[in-house]
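What follows is a short report on a single structure.
In what follows, every heavy atom counts, from backbone to side chain, and hydrogens, waters and symmetry copies are set aside.
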Amino acid sequence: MTNGAVRIDGDSLLLPGGVRVRFVRTLRLPEKGTHSLPPGLGHFPLRRVEDYAATVPQEWLDRGGVMLPVYLREAMWLSFARTVEPNALQVGVGKVCAVSGKPWYSRLSRGPQNYLVLPRQPWLDGINSGSGTVRQFVAVPLGMGATVEGQLTGEEKWGGLQLQSWTLADGPLEAWREEQRRAAERRAAMPRSAAPYGMPAPGAAPAMTSASGGGWGSPPVPRSPAAAMGLGVGGSMRQEVYKDDRPASDWAAEPSGRVFVHLVTPPQWRRITGEEPPSSPVDRAAYTRAGLPWFDYYDTDGEDLAPADTLGGVKPVGEWLGDDHTPWQQPSPHQVQPLGYAPGKPVADGDW
């Protein structure tokens with residue numbers, strides 16, 4: 001059992017141990033070729049499932065967690081900005097591990113590694129499918145077999161995303177904090193650098209906004225049918241999934257928190273919440289013509305995990321839903337930027 005509460009803080013999901021996750025809207029990449037990291041176009045709104053007990057499907061209440069609205073074929077990435085202390089984070093797509101390609105396993109594993117190491121891993125844009133690359137997260141309906149879950153397990157039962165966090169054990173955590181304290185003292189004794197500490201995040205691109213209709217106080221409507229959205233894969237991009245360089249014994253014996261993230265179609269979102277979902281994704285060619293940035297990220301000290309063989313064989317959504325005829329405009333070289341290195345009510349956990 002987990003020992004801490006998961007909370008929503010604005011557009012962030014806060015897991016115990018200081019893990020902050022944002023679900024970022026982004027451009028969907030072509031399914032051919034390997035691309036730079038696309039920018040953020042604002043964050044998906046999050047709502048607690050239990051706050052809509054009269055309108056969500058009963059199985060959602062049984063699983064607990066949160067929900068967010070997403071369009072068919074819309075792409076997303078996960079941001080872990082402002083996660084400070086070391087954490088291990090498991091990421092499931094329909095209860096298939098996005099790192100190892102194995103079925104969801106509620107313990108940490110090194111054979112193969114089934115988790116991300118935070119804060120070294122600043123974001124995750126898709127499944128670990130190739131050497132130094134990932135395949136983009138893309139929303140698709142359940143029932144067609146197009147999801148990662150459907151292709152690797154032969155059934156589509158869960159959908160959505162699953163997150164579970166782990167802190168360091170007490171001894172290693174205290175040692176890490178002491179190391180940070182000494183490093184801070186050394187920095188304080190040195191002349192102040194003109195350059196600010198830290199790195200920009202790809203999500204710094206202008207956010208897409210939408211007006212809210214209804215809101216928390218909207219009158220209840222009939223209960224919505226069960227969710228029908230999961231994650232398939234789109235185009236390939238250059239992103240490493242980093243190998244854990246700590247001893248396995250450094251991590252706590254039990255997870256600190258977990259949460260089920262339900263993906264809701266825009267019509268479902270309106271029925272359940274009474275709110276308008278975000279506007280539809282921006283046209284890709286128009287975005288590139290506007291000169292907004294793309295990103296390349298590389299950590300010289302990090303070691304990339306080997307690709308998961310099963311995830312490498314997952315077919316992109318275009319092979320299931322047909323070709324996308326939206327024209328693609330390649331970004332110019334000057335648009336690609338190299339990068340270096342709560343409050344709220346608790347979210348209910350359930351049976352999943």
Side-chain angles (χ1 to χ4, degrees), residues 3-7 9-22 24 36-37 39-40 43 77-90 108 110 113 115-125 132 163 165-205 207 238-257 293-305 334 336-344:
N3 55 27
V6 177
R7 300 176 186 271
D9 179 17
D11 54 13
S12 298
L13 196 57
L14 302 182
L15 282 76
V19 173
R20 181 180 292 267
V21 183
R22 287 189 177 96
V24 187
S36 299
L37 301 177
H43 304 129
W77 51 272
L78 310 185
S79 168
F80 313 121
R82 295 171 61 189
T83 298
V84 178
E85 294 192 341
N87 278 268
L89 181 68
Q90 293 176 278
L108 297 184
R110 292 285 183 90
Q113 182 175 314
Y115 58 94
L116 306 173
V117 182
L118 308 185
R120 161 156 279 172
Q121 191 80 39
W123 45 77
L124 183 69
D125 287 63
L163 304 174
S165 61
W166 301 70
T167 62
L168 289 176
D170 290 344
L173 180 58
E174 288 306 313
W176 180 87
R177 288 172 174 169
E178 176 62 18
E179 179 183 343
Q180 298 304 301
R181 184 187 65 79
R182 292 178 179 177
E185 290 177 349
R186 291 193 295 270
R187 288 194 299 269
M190 297 172 61
R192 184 176 299 275
S193 170
Y197 176 77
M199 65 182 180
R238 290 181 289 275
Q239 182 175 81
E240 294 177 316
V241 178
Y242 294 114
K243 183 178 180 180
D244 189 4
D245 57 7
R246 293 180 173 278
S249 58
D250 275 11
W251 298 106
E254 296 293 332
S256 54
W294 296 69
F295 301 88
D296 270 328
Y297 177 79
Y298 182 67
D299 183 340
T300 56
D301 296 324
E303 183 179 351
D304 185 33
L305 280 179
H334 76 273
V336 180
Q337 300 181 5
L339 300 175
Y341 180 68

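- Glu185 meets the side-chain contact (heavy atoms from CB on, under 4.5 Å) test with Arg181; sequence neighbours excluded.
- The salt bridge (Lys or Arg N to Asp or Glu O under 4.0 Å) test applied to Arg177 returns Glu85, Glu174, not counting sequence neighbours.
- Residues passing the side chain to side chain donor-acceptor pair (under 3.5 Å) test with Asn87, sequence neighbours excluded: none.
- The backbone N or O of Gln121 lies less than 3.5 Å from no partner atom in the side chain of Glu240, so there is not a single donor-acceptor pair.
- Here Asp250 pairs with Leu168, Pro172, Arg246, Pro247 under the side-chain contact (heavy atoms from CB on, under 4.5 Å) rule; sequence neighbours left out.
- With hydrogens and angles disregarded, a donor-acceptor distance shorter than 3.5 Å links the side chain of Gln113 to the backbone of Tyr115.
- Checked against side chain to side chain donor-acceptor pair (under 3.5 Å), Ser12 has the following partners two or more places apart in sequence or in another chain: Arg20, Arg22.
- Surrounding CZ of Arg110 are more than 12 heavy atoms belonging to other residues, nucleotides or ligands, all under 6.0 Å away.
- Without hydrogens or angle criteria, Ser256 side chain to Pro16 main chain gives a donor-acceptor distance under 3.5 Å.
- What you find for Thr83 and Val19 is that their closest heavy atoms are OG1-CA, 3.6 Å.
- By the side-chain contact (heavy atoms from CB on, under 4.5 Å) test, Ala183 pairs with Arg186, Arg187, sequence neighbours left out.
- Take Gln180 and apply the side chain to side chain donor-acceptor pair (under 3.5 Å) test, not counting sequence neighbours, and it matches no residue.
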